[in-house]
Undergrad: 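Right, I'll just put the structure down here and ask away after.
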Amino acid sequence: MRIRRTVTAAVTTAAVTLLGLAAAVPAQAAEYSSALRIKGVQYDAPGRDSNKCSGGNTKNEYLTIKNYSKTAAVNLKGYKVKDAAGNTFTFKNSHTLQPGDYVSLRGGRGTDSDAKNVVYRQNCNFIWNNDKDTIYFYKPGGARADVHAYTKKANDRDGNGYITYHG
């Protein structure tokens, strides 16, 4: 009897340990419930940072969002992008992504274009930090669609300011 209790206790301890490890899985490793996900981010615009609306380079900082669905078109209206500091952009206009299509959300001012797959934030300030940040992507109802944290040192091995998340 004693041996069985010891074996049972060991099995129970192992099961609790495994459950604890399963609970520690980061949010970005969870199954995604959204067809729209962050494909990548140009968090550090090439050249010297200048947030001037005329002649600045905030338009070269962008987030690429892709529709990974094989069958469903998804409208971006109401989706939100946010950084760790709370800077938020909400897609206010209809912009439908067909299966496999993408959009680049760029800083600066410009004209949104379905044909060129671009939406501008109409804000000349940079949103992503050059050293580290977290990118949150929310569905219109507030549920999280995707999230990624990055550090320049850990995630941008070639140093070009661009990180790919979902291929």
Undergrad: Locate the shortest heavy-atom distance separating Gln122 from Gly110; write the atom from each residue and the value.
TA: NE2-O, 2.6 Å
Undergrad: Any idea which heavy atoms bring Lys59 and Tyr120 closest together, and the distance?
TA: CB-CE2, 4.3 Å
Undergrad: With a 3.5 Å distance limit and no angle check, can you tell me whether Gln42 reaches the backbone of Asn60 through a side-chain donor-acceptor pair?
TA: no
Undergrad: Using distance only, find each side-chain donor-acceptor pair of residues 61-70 under 3.5 Å and give its atom names and separation, not counting sequence neighbours.
TA:
{"residue": "Glu61", "atom": "OE1", "partner": "Ile127", "partner atom": "N", "Å": "2.9"}
{"residue": "Glu61", "atom": "OE1", "partner": "Trp128", "partner atom": "N", "Å": "3.4"}
{"residue": "Asn67", "atom": "OD1", "partner": "Ser69", "partner atom": "N", "Å": "2.9"}
{"residue": "Asn67", "atom": "ND2", "partner": "Ala72", "partner atom": "O", "Å": "2.8"}
{"residue": "Asn67", "atom": "ND2", "partner": "Leu97", "partner atom": "O", "Å": "2.9"}
{"residue": "Asn67", "atom": "ND2", "partner": "Gln98", "partner atom": "O", "Å": "3.4"}
{"residue": "Tyr68", "atom": "OH", "partner": "His166", "partner atom": "O", "Å": "2.5"}
{"residue": "Tyr68", "atom": "OH", "partner": "Gly167", "partner atom": "O", "Å": "3.1"}
{"residue": "Ser69", "atom": "OG", "partner": "Thr71", "partner atom": "N", "Å": "3.1"}
{"residue": "Ser69", "atom": "OG", "partner": "Ala72", "partner atom": "N", "Å": "2.8"}

Undergrad: Does Asp133 have any side-chain hydrogen bond (donor to acceptor under 3.5 Å, both in side chains) partners at least two apart in sequence or in another chain, and if so, which?
TA: none
Undergrad: Let me confirm one number: the CG-NZ distance from Asp146 to Lys139, rounded to the nearest 0.5 Å.
TA: 11.0 Å
Undergrad: Give a yes or no on whether Phe137 and Leu105 share a hydrophobic cluster (residues Ile, Leu, Val, Met, Phe, Trp, Tyr; joining criterion: side-chain heavy atoms under 4.5 Å apart).
TA: yes
Undergrad: Please answer: with hydrophobic residues joined when any side-chain heavy atoms are less than 4.5 Å apart, are Ile135 and Phe126 in the same cluster?
TA: no
Undergrad: Any donor-acceptor pair under 3.5 Å linking the side chain of Asp44 with the backbone of Asn130?
TA: no
Undergrad: Can you name the closest pair of heavy atoms from Lys116 and Ser113 and give their distance?
TA: N-OG, 3.0 Å
Undergrad: Could you tell me whether the side chain of Phe91 reaches within less than 4.5 Å of the side chain of Lys80, counting heavy atoms only?
TA: no
Undergrad: Examine Tyr136 and Val81 and state if one hydrophobic cluster contains both, with Ile, Leu, Val, Met, Phe, Trp and Tyr joined whenever side-chain heavy atoms are less than 4.5 Å apart.
TA: no
Undergrad: Under 3.5 Å, is there a donor-acceptor pair between the side chain of Ser34 and the main chain of Leu36?
TA: yes
Undergrad: Any idea which heavy atoms bring Val103 and Leu76 closest together, and the distance?
TA: CG1-CD1, 3.5 Å
Undergrad: With the side chain counted from C-beta on, respond yes when Cys124 and Arg109 share a heavy-atom pair under 4.5 Å apart, and no when they do not.
TA: yes
Undergrad: Looking at Arg48 and Asn57, what are the two nearest heavy atoms and their distance?
TA: O-ND2, 3.3 Å
Undergrad: Using 0.5 Å steps for rounding, measure from the CG atom of Asn51 to the OG1 atom of Thr58.
TA: 7.0 Å
Undergrad: Within a 6.0 Å radius of atom OH on Tyr165, are there more than 12 heavy atoms belonging to other residues, nucleotides or ligands?
TA: yes
Undergrad: Using atom types as modelled and distance alone, determine if a side-chain donor or acceptor of Asn123 lies under 3.5 Å from a backbone N or O of Asn125.
TA: yes
Undergrad: Starting from Tyr79, can I reach Tyr138 by hopping between I/L/V/M/F/W/Y residues whose side chains sit under 4.5 Å apart?
TA: no
Undergrad: Are Asn117 and Asp101 close enough that some pair of their side-chain heavy atoms sits under 4.5 Å apart?
TA: yes
Undergrad: I'd like to know whether Asn129 forms a side-chain hydrogen bond (donor to acceptor under 3.5 Å, both in side chains) with Asp83, so could you lay out the CA-CA distance, the side-chain angles of the two residues, the decisive distance to 0.1 Å, and finally the verdict.
TA: CA-CA 9 Å; Asn129 293 331; Asp83 73 346; 5.5 Å; no
Undergrad: Sequence neighbours excluded, which residues qualify as side-chain hydrogen bond (donor to acceptor under 3.5 Å, both in side chains) partners of Asp114?
TA: His95
Undergrad: With rounding to the nearest 0.5 angstrom, report the NZ to NE2 distance, Lys39 to His148.
TA: 12.0 Å
Undergrad: If you look at every heavy atom in Asp112 and Val119, which pair is closest and at what distance?
TA: OD1-CA, 3.4 Å
